[in-house]
*Asks:* 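To start, I am sharing the structure in question, which I have written as structure tokens.
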Amino acid sequence: FGILLFVISFGVIGYIVYEKYGSQVLPDVLRGTASIVHPSIRADKTTPIDLNTLLPKNGINQSLLYKLGGSDLSTQTVSIAIPTVTVTGENGDVVRMAETKEILPRLARNAPSLLTRSLATSTVLGVYAGDIAEPFIILKTNSYEGAFSGMLDWEDFMSDDLFTFMGIILPNGEVAIKETVPVVQIESTASSTATSTATSSNPVAPASPVVDPRDITKFLDRTIKNKDMRVIQDDTGKIYLLYGFANRNTIIITTSVESFFAVSSRLR
């Protein structure tokens, strides 16, 4: 009984220390003395990237797929970016993981304050490589009710904030992911109809009509595998963006159903 009590006490103390100082574990990691273990997700590859490079304060955010080299990922793998910030202290510069309060104003410039107040310190930016490489965002929340209402309020602005960063097809058929990820370009209505028909059995097929998802003004409710989701889709059923609660403390934003459940299965 004494041993069990000791183990429990040690675990509680360790959790408290981690919650308070966990974001400071990066300096040794960056010097190559350890592998990066993210507290929110089991990843196959982690890439530290300076926050100013990943999400500039001014200008357009480049696609995360381009930043992480989506075409180089093996199938069924998860790669995440570790946004870092450099803090100058008495003992010199310290590099640490960026927190949500530092990431979100650059990633989601129009996110309502109700949402930002509901989020925990950890935010994950990554790519899941399935049939194609697809970006995802994981937001951890301390308040399910506040985060739920905040996400609904953010819906009108999510396309402006996230479409380029998520590598979603633009009105002119170009993509923000450049040549790093295979994307099928559809040049005519006839060919897009044929391609949609041919790939209708695969919900994550990369082929899609060249349309502006922002013309689709509203998110729709979808229940998939017993999960309630909010999706932007066109009249063919092609999904451009979706989000849902993997659990009461975790929101996943991504571009396909396959990616949502693959990322869900990797949560810690």
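Note that these values count all heavy atoms, side chains included, but never hydrogens, waters or copies made by symmetry. Position 1 is the first residue of the sequence, and the numbers go up from there.
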*Asks:* Measure the spacing between CD1 of Ile138 and CD1 of Ile80 and express it to the nearest 0.5 Å.
*Replies:* 8.0 Å
*Asks:* Counting only N and O atoms by type, is there a donor-acceptor contact under 3.5 Å from the side chain of Asp153 to the main-chain atoms of Pro112?
*Replies:* no
*Asks:* Give the C-alpha distance, both sets of side-chain angles, the deciding distance and a yes or no for side-chain contact (heavy atoms from CB on, under 4.5 Å) between Thr47 and Lys45.
*Replies:* CA-CA 7 Å; Thr47 304; Lys45 179 181 178 182; 3.8 Å; yes
*Asks:* Output the distance between atom CZ (Arg266) and atom CZ (Arg42), rounded to the nearest 0.5 Å.
*Replies:* 7.0 Å
*Asks:* Just so I know, are the side chains of Asn249 and Asn142 near enough to count as touching, which here means a heavy-atom distance under 4.5 Å?
*Replies:* no
*Asks:* Working to the nearest 0.5 Å, report the span between CZ of Arg117 and NZ of Lys101.
*Replies:* 15.5 Å
*Asks:* Can you sort out the partners of Phe261 under ring-ring contact (aromatic ring centres under 6.0 Å, His included), two or more places apart, ordered by chain and number?
*Replies:* none
*Asks:* Do Asp93 and Thr88 have a side chain donor and acceptor closer than 3.5 Å?
*Replies:* yes
*Asks:* Looking at CG of Leu139 and CD1 of Ile103, how far apart are the two atoms once the value is rounded to the nearest 0.5 Å?
*Replies:* 9.5 Å
*Asks:* Please step through side chain to side chain donor-acceptor pair (under 3.5 Å) for the pair Glu99 and Thr121, ending with a clear verdict.
*Replies:* CA-CA 5 Å; Glu99 298 181 350; Thr121 58; 5.4 Å; no
*Asks:* Below 4.0 angstrom, N of the basic side chain to O of the carboxylate: do Arg106 and Asp161 qualify?
*Replies:* no
*Asks:* Going by heavy atoms in the side chains, are Leu125 and Phe165 under 4.5 Å from each other?
*Replies:* yes
*Asks:* Are Tyr128 and Leu267 connected into the same hydrophobic cluster when the rule is that any two of I, L, V, M, F, W, Y join if their side-chain heavy atoms are below 4.5 Å apart?
*Replies:* yes
*Asks:* Measure the CG-CD1 distance between Asp50 and Ile82 for me, rounded to the nearest 0.5 Å.
*Replies:* 13.5 Å
*Asks:* Can you check whether Val257 reaches Leu242 side chain to side chain, under 4.5 Å on heavy atoms?
*Replies:* yes
*Asks:* Verify, without hydrogens or angle tests, whether Ser265 (side chain) and Ala262 (backbone) share a donor-acceptor contact under 3.5 angstrom.
*Replies:* yes
*Asks:* In this structure, would Ile251 and Leu114 fall into the same cluster of hydrophobic residues linked by side-chain contacts under 4.5 Å?
*Replies:* no
*Asks:* Taking the cut-offs as 6.0 angstrom to the six-membered ring centre and 45 degrees off its axis, would you call Arg230 and Tyr243 a cation-pi pair?
*Replies:* no
*Asks:* What's the separation between atom CZ in Arg268 and atom CD1 in Ile41, rounded to the nearest 0.5 Å?
*Replies:* 8.5 Å
*Asks:* When you compare the side chain of Tyr240 with that of Met166, does any pair of heavy atoms fall below 4.5 Å?
*Replies:* no
*Asks:* Residues two or more places apart in sequence or in another chain: which of them pass side chain to side chain contact (heavy atoms under 4.5 Å, CB included) with Thr223?
*Replies:* Asp228
*Asks:* A side-chain contact here means heavy atoms from C-beta on lying under 4.5 Å apart; do Thr100 and Glu102 qualify?
*Replies:* no
*Asks:* Step by step, work out the side-chain contact (heavy atoms from CB on, under 4.5 Å) result for Thr250 and Phe245.
*Replies:* CA-CA 6 Å; Thr250 308; Phe245 283 80; over 6 Å; no
*Asks:* Any sub-3.5 Å donor-acceptor pair from Asp44's side-chain atoms to Val78's backbone N or O?
*Replies:* yes
*Asks:* Would you find a donor on one side and an acceptor on the other, under 3.5 Å apart, between the side chain of Thr254 and the backbone of Phe136?
*Replies:* no
*Asks:* Could you walk me through whether Ile253 and Leu241 pass side-chain contact (heavy atoms from CB on, under 4.5 Å), step by step?
*Replies:* CA-CA 7 Å; Ile253 306 170; Leu241 188 69; 3.9 Å; yes
*Asks:* For residues Leu54 and Leu64, determine if any side-chain heavy atom of one lies less than 4.5 Å from a side-chain heavy atom of the other.
*Replies:* yes
*Asks:* For the residue pair His38 and Ser122, what are the closest heavy atoms and their distance?
*Replies:* CE1-OG, 3.3 Å
*Asks:* Before you tell me yes or no, could you show the steps for Lys227 and Ser264 under side-chain contact (heavy atoms from CB on, under 4.5 Å), namely the whole-Å CA-CA distance, both residues' side-chain angles and the distance that decides it to 0.1 Å?
*Replies:* CA-CA 11 Å; Lys227 283 289 184 184; Ser264 294; 6.0 Å; no
*Asks:* Looking at side-chain heavy atoms only, is the closest gap between Ile168 and Thr255 below 4.5 Å?
*Replies:* yes
*Asks:* I'd like to check Met151 versus Leu115 (side-chain heavy atoms, cut-off strictly below 4.5 Å). Are they in contact?
*Replies:* yes
*Asks:* Passes side chain to side chain donor-acceptor pair (under 3.5 Å), Ser118 versus Thr141? Steps please.
*Replies:* CA-CA 6 Å; Ser118 303; Thr141 175; 5.1 Å; no
